[in-house]
Each structure stands twice: as structure tokens, then as C-alpha cells.
Amino acid sequence: MSTPYDHKAVESKWQDRWEKQRAAEVDLRHGHGKYYMLMMFPYPSGDRLHVGHGRNYILGDALFRFLRMNGKRALNPMGWDAFGLPAENAAIQRGIHPRDWTLANIKVMKEQFRRWGILYDWSKEIASCFPEYYRWNQWLFLRMLEKGLAYKKMAPVNWCPSCRTVLANEQVVDGACERCGTPVVQRDLEQWFFRITEYADRLLSGLDTLEGWPEKVKVMQRNWIGRSEGAEIRFEIPALGESVTVFTTRPDTIHGATFLVLAPEHPLAGRLIAKHGKHAEIEAWIETVRNTPRIQRSDEGNPKEGWDTGVVAVNPATGEEIPIWLANYVLPEYGTGAIMAVPAHDARDLAFARQEGLPVRLVYHLEGDADTDPASLAEPILHVGVIRNAPPFDGLRDGPETLRRFIAWLEEKGWGKARVVYRLRDWLISRQRYWGTPIPVVYCDKCGLVPVPDAQLPVELPYDVEFTGREGNPLSRSKSFVETKCPQCKGPARRETDTMDTFVDSSWYYLRYLSPRDATKMFDTEVANRWMPVDQYIGGIEHAILHLLYARFICKVLHDFGMVGIEEPFQNLFNQGMITRYSEKSGRIEKMSKSKGNTVSPDELIEEMGADTERVYTLFIGPPEKEAEWSDEAVSGAHRFLQRVWRMLEKLPEAPPTAPADPELERDRHATIQRVTHSLQRFSFNTAVAALMELSNSLSKALEEKTASRLRCEETFDTLVQLLHPLAPHMTEELWERRGYTESLLETSWPEHDEAKLRRARIELVVQVDGKVRDRVEVDAAADEKQVRATVLASPRVKDFLAGREVAKAVLVPGRLINLVTRRSA
RNA sequence: GCGAAAGUGGCGGAAUUGGUAGACGCGCAAGAUUCAGGAUCUUGUGGUCGCAAGGCCGUGGGGGUUCGAGUCCCCCCUUUCGCACCA
């Protein structure tokens, strides 16, 4: 007669108890033994979380419980990235205020976390949409404004016609809006920026210190920052009495520069084409290029188009006059927006030269090749060859030293200088939407742009706003918000209606968790210095560039403001893989998502089999950093395993009080402690589950066959329950209590293995003959090679395989195998 | 095109430093048990030859190093991801 496991009752019982005990609460006044773990804070989207989302939170909770049992003062806070477009869209579509909608969603998500048995320190909960939070965005903005790190400029921007807002470069994916997928168009608008480019070098070098980050993420960030070393070189334009500066990474090929190309948007373009016969036609073309979506324009397949301006520049190296062109393949915002074209040594320039019939001149010549004809050159000569006909450099080979000599020469002649250029652009933070942090500045007719004084923060979002879906920011139609007084002259003034990119919110929230209720400052420096950096950050790879780059940037800014000691906020980063499943809609196995219709609801799963089952299966599904396909069938394996563990409790009393000493179960127990501990340290949850299943199988067998004493069985069972707790917290707490223990498993110490218990007196040794497994023999663990050899050679099977041949050599791997080699190696 | 990661049974996946390949689980098969339920238990389950003992083959393909290779080295194929007119 066994008591069935009532997962519903047990799970809610323990969820209540953990909540009452405030099991995850941490006192931040002490930093000793601290371990700051952090899950990327979620956007409360209004869709119920599915099991794919669950993976992230479940593995975080397993880690948290494991750390706690290991005596760490683990901090695991949770909050809400609560500003964002979907809230506003919900307002437009359903007439719910973004604030009410968001708060309702938070409630739902919180309940889902609870049902998963996840422990967060809710006393530190934050939501970025509360004025108590976003006033510090504003405060930070003002400090950055003072230091020139925030500024406003007219700029061609990415505009999403559907979201009706501008997007940062990072938010444009394949030419489309990252959020809604609508193709992005170019517009010129006055916008606010953060000067992240000033930190480009530090963001780059900081990556080298992040040993606990996946290489992949670091590579992506390096690519994004895109540092290029080279030189800028000035070319005189006699006709204009003016010069143009180009950027090149190959100043050593200047003798081969046969024309210049400027971006059509280049400031000199207008004057260059002023006297051109087809002036109007070129202007129209410039307009077309300007309006081409940037992604299409910078696509390699985009046809190169250009116009000869008819004006020439002088190549300082050769003294030759070379034509100046305008072409779409030169981008205005990279480098100086102008290049020297060296068709012989650059693929793009060669393609354009061939297309337009422009001359090609070689600087580097292939060795041994007396005469490469520039006219027939099909491929550019890249990073090989020797310089000819470019005094005083003749005979030099392509390489860094040659490059240095060219730059020194250019500097000496006064024609150019070394320069480093980045692909990274400044961070466009303006958004023309309501549901975000208002940018705290005011426009006064008399005083111009006036920052809102700190004392007047926060600039609060007005609640009473109409959401119509019409073009433009709803904020700009709110009279009560827009109309204000100038803080300087007290005259009438208008508020800035742009709000901040929500990535500003998430760029410093990890610091706010440490001072969540401080109404006097952004965060407490002392507490931050005690608890930062985040020891383990966990989240999706989709934030590899955006959020993680911005957060690193803002952390460095705060460091420079003297507000926090560290420069890198996240010491270790873990990116969990996504959960996939077959989608009826697409007929493919795809990332689990509502739009693909392939989600599995944890609500039903928990109802049917319990949260512990979902947790164990999710952790067992595969290595957590890899993607994994959800299998509805395989879930039952986890369920069966937990059921077996549950039933074992009632079988324990059936074990005999005494039994023939069986060291194997005790050995298994210690081996499992070692394996599970090691697995959890490595985030290898799947192998931890496997090890626990094996121990469960061993104990089950021992109980069945009555080969171990009751005490030993109970001891093994208790260890199993403890080790299983981080993975299946509810059931293990219940079992622990039923075993008669009064403290929560969270309060117990993680078991330690005893090295001595792992050893066996006799071991099974594999015998190989010429590298093939031929037999197994039992020997003393301590046996030396001589003894082992004697035992092995006595085996009839081994004798057969040796077939009378000499053993030329024997290789003994103590405790594992012996290899008898008969043939000589060839 | 460039860069990175990966490729192991029907499936998900194990395998510190080179040392018994396939742990653990799913599925499948046979059996036991049960007042049929999608329950529980036992056994088996890489391929192939064999009545069996056992042999041979086997970690994408080909070569190499080694007493011994999933693991190290070289070449190739495939897949996934990232980057890609950035001068």
C-alpha cells in the first residue's frame, strides 16, 4: 500500500513555505561569501511563458539552490524590463493603458515563476517603468549631458514605419525592424545620442579580460566595434582650392590610387558637381542613394553606381591628377566618407574601375612575375608581392613594417597621419514613443535647450494620454506634459517628447537591484563595490551585442563618474540554448514561439505531472548551452524517475537491519556526490540528472535484493534527496520532511564525498592484446605491473589470443587496463 | 567569401588528462503482474556473421601520429551560427 505522490498539494505547500520563509532574501550589508547571479530581466509581454522560456529560469534556480547549499550567499534578484512597444500597441489595439497592461502581465509572470518553484529575492524587485526607477535614467542622462556623452544632432536615421520610431543600428536586422520585421527606411531627424564611440577602445580591450564569457559573444562584439588601423591622407583639389581627406587601411598602396571616390552625401559633393553638365541628373541620383535603405545599400550584391564629377585631385605620392568620383559604395558615416581607390589592390575598387573603365596601376608585383599587365588583372593582388616603381619604397614586401614606413613617410611629408577608425557608431537613444523614459530636457525660446534640474526629477510620464495609433508620439499631444516652464527664466517652454531607448533601462539595472529602494541616489557605491561584479549572468545569445555592449558601456561611464569600482559588470556569462519543437505551421523544427504555434504550456504540464517533472526534464534534455528539441514523450522519463524516488521512501523500512557488508552502495553514493557536484559546477545539468538516476537505480536494486542494511539505504536515500534538491525542489523537500528532518533542504550542507570510499580493494582490469579488448581480470587495486602481468598471462583467453607469440611490451594503465603488445611497431 | 562551433545507435545524448565507445533517458521487443490505466516490474536493444561460445566492423569521409584515437595532427564533405561593399 503506497502513498501516491500528490504533486499539486506538495508543490503548492512548499511554494507557500519558501515564500513565507523569504527563502531567497539576502542581506546586502555583508559581502562575504557573496555570489551575485543574475538572469536577464524579462520583458512582461503578456504572453504566458512557455517551457522554452522555462529553461533559462529553471537552470538559474538550480544553480541558486546549489550555491546556497554550498554555503554561498547567493543573490538572485528579479525585475521587469517593463518599458517597450508592445505595451503601447496593446493600448492602441485594446484600449488598455500601457501601465495597467504591463502591471497585469508582471503579475501573471510572477505567478508562473512561483509555479516553477523558482526562488527570487523579491524584496529587491524593480520595474523600469516606475518613476522610482526611471528617474535615475534621467539623472544619468543629465550627467552624461554635462560631460558631453549625451548630445543631439541631425542625422540620417533608421525609421520603422510600423513602430513609428527610429531604431539604433543594432536594432536593424537584415534591413528590417528587430521587433516587428518591417523594412526600415532612412530619414533625417534631430536625435539624441550617447557617445559610445568614445569608449570603443575600452570596450574592445575590456573583452580581453572577460575570460568567463563565451568566445562567440566576444567575437561578435569585436566585429561590431570593428576597429581598423590605417591612415588618413589629404588630397588637394586645385579647382576648388580645397582638399579632401580619405581614410585607408592601405596607405602603402597610395602610388596605385588612380581615382578618388566620395560618398554622394559628402559635404564637398555639391561643389564638385556644381559645374557638371548633368548637374540636375546627378543631384537626383544623390537623392535616390540617400533614400536607399542603408542595409540594401551596404549589401555586397548591391550594384555599384557612380558619377565622375569631372573635377580632379592630386595624388601626393605621384603628383598625378586623378579624377574624383561619387559612388554609392562609399558610405558617408564610415571613416571620412571618402576613399582613395586602388583598383590593383582592392576588390571593390577593381570592380568599379573595370565597370567604369578607370585605370589600374600596380604597386605590389608578384615575385618572379616580370610583367603583370594591369589591364588584364582579374583579381586584386592582396597582401603579397614586392613594391616596384614607387620610390623610395621599391623592393619592400607587403607587411606591417612596410605599412609603418609609409605612414611615417606621409606624416613627414605632411600629407597624412595614422588613424584608427571604428565601425561602431554612437548610440541613438531617441524614441518617438510614449512608453519609455522621458528625456529630461526643456526647450525655451529664450534660453534654448535647458536640462531639467535634478531637483525636478523625475519627469513623469503623464498617465492621461490618448493612444490613437496615429503618426507621432502620443506624448507630443499631451498638453499637460509638453507645456512647461523654463527652469532658468521661468518663461513658457516645451518639454522634449522623445523617450529613451529601453536599452538604457537595462544598461544599469544590475546596480539598482543592490539599492532598490534608495530614493536619494541611483545606487549605493559601497554596496555596489561589495557585490559587483555579477558573478554569473545568464541569458539568451540574442543579446550578444545590443544589451551586453550597452551595459558594458554604461558601467564604464559610471566607473568614470566614480560611482562604481569595476569596469566590467558581468564576470561570467552563460548563454542558454533555445528549445525547439516541430511546428505544424512551417513543417520544420523551429525555436519554440507563439507565432510558430509550437509552444508547450508549462501550465498544463505542471497540472499533469508537476513542476519538478518539467524541471528535471528541462535540465536533462541536453547540454544547456546547446539548442534542444522538446520531446513530449521523453518528459515521462523524468516523471517516472521522480515517481521511483518517491516510492523508495516507503520501501526503506523493508531493508534488513543488518546485511552483509556491501561496499558497493556506499561507493556509489560517494561517486555520485562527486559526479553531481562536478557536473553542477560545470553547468552540466544533464549529466547530473543521469548520475542521480544511476544512484536511484543502485539503491532500488539494493532494496529489492536486500543487499544493504537499512541504515546504509537510508543514508543513500538522504544523499540522493539532497543532491536532487536543486533540480526537483518540491518533492525533495517533502521527502526530507517525511524522513523526519525539520530544516529546509536549502539550509542543509551539500554532501561531500570521501576519496577513501571511492577506492575498491579489487578491481576489474581490461586486458588488451595488440590494442583490442580480449579479456577482463580481477586484480588487487594495489597490484604492481609484475603481479598484474602474472595474473593476466594465466588467463586461458589471453593465452589463446597471444597464440604463443612473445609479449614485446606491456602497457599498464593502473586501475584501468593492460595492453599486451606482440608485434613490433612498423 | 571570411570567422566560429558542431557531426557518435531508431531518437535526445554520455565519455577530466588519448585508455572498456554508446552511461542515463526516450522509443522499440519479449516476459511478469494487474478488477485494462498512457500503471508497475524484469530482460533485451549499434551493425553484421554465428545454434552458441564468440568473431569481424563501427563515433561524417580519407590519411597520419601512438602500444592504444570519438578525443591529437593534415586534407575533404556536411550542418548550424555570426560577419560580409566598413575602405
Side-chain angles (χ1 to χ4, degrees), chain A residues 2 4 214-220 222-224 226-228 230 246-250 253 261 263 297-304 327-331 333-342 345-349 351-352 421-425 541 544-545 608 616-617 620-623 625-638 640-641 643-644 647 675 678-679 682 684 686-694 696-697 700 704 764-776 797 800 807-825:
Chain A
S2 67
E215 204 50 46
K216 181 183 167 136
V217 173
K218 290 192 276 189
V219 167
M220 283 167 74
R222 280 191 198 105
N223 286 342
W224 188 263
R227 182 188 150 103
S228 293
V246 304
F247 173 72
T248 177
T249 54
R250 297 300 309 272
T253 61
V261 188
R297 173 157 164 201
S298 56
D299 181 71
E300 213 173 340
N302 196 37
K304 291 180 174 50
N328 62 347
Y329 76 96
V330 174
L331 308 172
E333 66 280 336
Y334 185 78
T336 61
I339 63 159
M340 63 176 203
V342 185
H345 303 299
D346 182 280
R348 298 150 301 178
D349 296 343
F352 192 67
V421 153
Y422 299 92
R423 206 187 80 115
L424 182 72
R425 312 270 146 74
I541 186 78
I545 297 172
E608 225 176 297
V616 169
Y617 175 63
F620 188 55
I621 195 168
E625 69 280 4
K626 287 184 29 185
E627 70 167 47
E629 191 187 339
W630 185 270
S631 157
D632 295 306
E633 284 172 329
V635 176
S636 60
R640 281 202 279 262
F641 163 58
Q643 297 285 333
R644 271 198 297 275
R647 282 195 301 268
R675 284 172 68 190
H678 187 234
S679 288
R682 296 187 306 153
S684 181
N686 52 328
T687 55
V689 174
L692 289 167
M693 285 172 166
E694 284 184 66
S696 155
N697 291 343
S700 208
E704 201 60 43
E764 188 183 67
L765 197 77
V766 165
V767 186
Q768 293 184 340
V769 176
D770 292 329
K772 292 194 175 190
V773 179
R774 295 304 188 191
D775 200 7
R776 279 149 233 262
R797 274 187 57 80
D800 271 3
V807 174
K809 183 178 169 186
V811 183
L812 176 71
V813 182
R816 310 204 79 135
L817 61 75
I818 185 165
N819 188 10
L820 306 175
V821 185
T822 63
R823 56 179 150 75
R824 304 246 153 198
S825 50

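Note that this is a predicted model, so its numbers are computed, not measured. Below, all heavy atoms of this structure are taken into account, side chains as well, without hydrogens, waters or symmetry copies. Per chain, numbering begins at 1; letters A, B, ... match sequence-line order.
- Straight-line distance between the P atoms of B/rC28 and B/rC11: roughly 15 Å, to the nearest whole Å.
- Crowding of A/Glu704 atom CD: a count of heavy atoms from other residues, nucleotides or ligands under 6.0 Å not exceeding 12.
- In terms of phosphate contacts, A/Arg647 brings a side-chain nitrogen or oxygen within less than 4.0 Å of OP1 or OP2 of B/rC41.
- Scanning for salt bridge (Lys or Arg N to Asp or Glu O under 4.0 Å) contacts around A/Arg423 gives an empty result, with sequence neighbours left out.
- Applying the salt bridge (Lys or Arg N to Asp or Glu O under 4.0 Å) criterion to A/Arg297, with sequence neighbours excluded, gives A/Glu265.
- Here B/rG9 sits opposite no nucleotide as a Watson-Crick or G-U wobble pair (both hydrogen-bonding atom distances under 3.5 Å).
- The separation of B/rU65 from B/rA15, taken at their P atoms, amounts to 29 Å, rounded to a whole angstrom.
- Across all strands shown, B/rU34 has no partner, as no Watson-Crick or G-U wobble contact with both distances under 3.5 Å is found.
- When the salt bridge (Lys or Arg N to Asp or Glu O under 4.0 Å) test is applied to A/Glu633, no partner is found at least two apart in sequence or on another chain.
- Listed by chain and residue number, nothing satisfies the side chain to side chain donor-acceptor pair (under 3.5 Å) test with A/Thr249 (two or more places apart in sequence, or in another chain).
- For A/Arg776, the side-chain atoms get nearest to B/rU20 when compared with the rest of B/rU20, B/rC67, B/rA23.
- Counting to the nearest Å, the C1' atom of B/rG19 and the CG atom of A/Asp770 are 15 Å from each other.
- A/Arg227 places no side-chain N or O within 3.5 Å of a backbone atom of A/Val421 that could act as its donor or acceptor partner.
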Could you pull out the protein-nucleic contacts involving nucleotides 25-27 of chain B (nitrogen or oxygen on both sides, under 3.5 Å)?
unit_1: B/rG25; atom_1: OP1; unit_2: A/Asn697; atom_2: ND2; d: 3.3
unit_1: B/rC26; atom_1: OP1; unit_2: A/Arg640; atom_2: NE; d: 3.0
unit_1: B/rC26; atom_1: OP1; unit_2: A/Arg640; atom_2: NH2; d: 2.7
unit_1: B/rG27; atom_1: OP2; unit_2: A/Arg640; atom_2: NH2; d: 3.0

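- Between the C1' atom of B/rU20 and the CD1 atom of A/Ile818 lies a distance of 15 Å, rounded to the nearest Å.
- Across the strands present, B/rG82 finds its partner in B/rC2; the criterion is a Watson-Crick or G-U wobble pair with both atom distances under 3.5 angstrom.
- Each of A/Met220 and A/Ala690 lies near RNA chain B, and the nucleotide nearest A/Ala690 is the one positioned closer to the 5' end.
- Residue A/Asn819 contributes atom CG, which lies 8 Å from atom P of B/rG68 at whole-angstrom precision.
- Comparing B/rA39 with B/rA23, their P atoms are spaced 23 Å from each other, to the whole Å.
- Taking atom P on both B/rU20 and B/rU71, the two are 13 Å apart, rounded to the nearest angstrom.
- The C1' atoms of B/rG22 and B/rG9 are separated by 7 Å, rounded to the nearest whole Å.
- Atom NZ in A/Lys304 sits roughly 15 Å away from atom P in B/rA84 (whole-Å rounding).
- Base-pair partner of B/rC67: B/rG19 (Watson-Crick or G-U wobble, both distances under 3.5 Å).
- For the pair A/Lys216 and B/rG82, the criterion of a side-chain N or O lying under 4.0 Å from OP1 or OP2 is not met.
- Under the ring pair (Phe, Tyr, Trp, His ring centres under 6.0 Å) criterion, A/Tyr329 pairs with A/Phe352, not counting sequence neighbours.
- Here A/Tyr334 pairs with A/Ser228 under the side chain to side chain donor-acceptor pair (under 3.5 Å) rule; sequence neighbours left out.
- Every residue two or more places apart in sequence or in another chain was checked for a salt bridge (Lys or Arg N to Asp or Glu O under 4.0 Å) with A/Asp349, and none qualifies.
- B/rG25 and B/rC57 have their C1' atoms separated by 27 Å, given to the nearest Å.
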So which protein N/O to nucleotides 14-17 of chain B N/O distances come out below 3.5 Å?
unit_1: B/rA14; atom_1: OP1; unit_2: A/Asn686; atom_2: ND2; d: 3.1

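- By the side chain to side chain contact (heavy atoms under 4.5 Å, CB included) test, A/Arg816 is found to be paired with A/Val813, residues two or more places apart in sequence or in another chain being considered.
- Counting only heavy atoms from C-beta on, A/Asp346 has its side chain closest to B/rA87 among B/rA87, B/rG19, B/rA23.
- To the nearest whole angstrom, the two P atoms, one in B/rG18 and one in B/rG70, are 13 Å apart.
- For B/rG46, the paired nucleotide is B/rC57, the pair qualifying as Watson-Crick or G-U wobble because both relevant distances are below 3.5 Å.
- Rounded to whole Å, the P atom of B/rG82 lies 31 Å from the corresponding atom of B/rG10.
- Among all heavy-atom pairs drawn from A/Val246 and A/Ile339, the shortest one is CG1-C, 3.5 Å.
- Legend: residues meeting side chain to side chain contact (heavy atoms under 4.5 Å, CB included) with A/Arg776, ordered by chain and number and at least two apart, are A/Glu764, A/Val766, A/Val773.
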Could you go step by step and tell me if A/Glu333 and A/Arg425 meet the side-chain contact (heavy atoms from CB on, under 4.5 Å) rule?
CA-CA 8 Å; A/Glu333 66 280 336; A/Arg425 312 270 146 74; 3.3 Å; yes
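- Map A/Glu629 and A/Lys809 each onto its nearest nucleotide of RNA chain B; the residue landing nearer the 5' end is A/Glu629.
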Reading 5' to 3' through nucleotides 49-58 of chain B, protein heavy-atom contacts under 4.0 Å coded B for base, S for sugar-phosphate only, - for none
-----SSSS-
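- Syn is the glycosidic conformation of B/rG9, whose angle stays within 90° of 0.
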